[in-house]
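Comments concern the structure below.
Computed from a prediction, not measured in an experiment: that's the story for all the values here.
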Amino acid sequence: PYVLASEKDQMHPNVLDHEPHLALFVEDEDPLLFYRIIAHKAKQALCTGGSLYFETNETKAEEVCELLRGLGYVDVEKKSDINGKERMVKG
């Protein structure tokens with residue numbers, strides 16, 4: 001989940017009608033909750049040289065990068081989608 005609960009009213013109806021809300025929305029108070037949990041678990045699961053990729057909220061890509069760097073991930077970088085929005089993070 002990477003869409004802030006406060007952004008729900010900005011979503012297109014076709015997304016709201018066909019995507020599970022649990023898969024889309026995270027509470028505004030802790031928007032990196034799932035990134036943090038997954039990144040911790042991936043530290044245990046990834047082989048040496050393995051990579052972790054996230055789809056992110058365009059407003060949180062830098063914060064996700066900082067989270068990964070803080071956990072010891074290297075080669076952390078943001079990638080833009082076809083619309084030029086920073087929506088992907090790799091570490």
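Counting heavy atoms from C-beta outward, L67 and R36 have side chains that approach closer than 4.5 Å. A 4.5 Å side-chain heavy-atom check between Q44 and K41 finds every atom pair outside the cut-off. V64 is not listed as a side-chain neighbour of Y2, based on a closest heavy-atom distance of 4.5 Å or more. Contact check for L4 versus F25: no side-chain heavy atoms found under the 4.5 Å cut-off. Two residues are said to be in side-chain contact when any heavy atoms from C-beta on lie closer than 4.5 Å; H40 and L71 meet this criterion. Here the side chains of V3 and M11 are in contact, with some heavy-atom distance below 4.5 Å. Side chains of E58 and D81 form no contact here, defined as non-hydrogen atoms less than 4.5 Å apart. Put simply, the side chain of Y35 reaches to within 4.5 Å of the side chain of T56, judged on heavy atoms.
Residues I38 and V76 share a single hydrophobic cluster, defined by chaining ILVMFWY side chains whose heavy atoms lie under 4.5 Å apart.
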Exercise. May I have the step-by-step check of side-chain contact (heavy atoms from CB on, under 4.5 Å) for F34 and V26, ending in yes or no?
Key: CA-CA 8 Å; F34 296 103; V26 64; 4.0 Å; yes
Quiz item: So L33 and E27, side-chain contact (heavy atoms from CB on, under 4.5 Å) or not? Walk me through it.
Solution: CA-CA 9 Å; L33 170 67; E27 295 300 321; over 6 Å; no
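Classification of K78 and E66 as a salt-bridged pair fails, no side-chain N sitting under 4.0 Å from a carboxylate O. A salt bridge links E77 with K79; the closest basic N to acidic carboxylate O contact falls under 4.0 Å.
Summarising the geometry of A39 relative to L52, their closest heavy-atom pair is CA-CD2, 3.9 Å, with the distance given to 0.1 Å. Closest non-hydrogen pair, D28 versus S6, comes out as OD2-OG, 2.5 Å.
Around the CG atom of L22, the shell of radius 6.0 Å holds no more than 12 heavy atoms that belong to other residues, nucleotides or ligands. Under a cut-off of 6.0 angstrom, the local environment of NZ in K43 is crowded, with over 12 non-hydrogen atoms contributed by other residues, nucleotides or ligands.
Looking only at atom types and distance, the side chain of N57 has a donor-acceptor partner in the side chain of E7 under 3.5 Å away.
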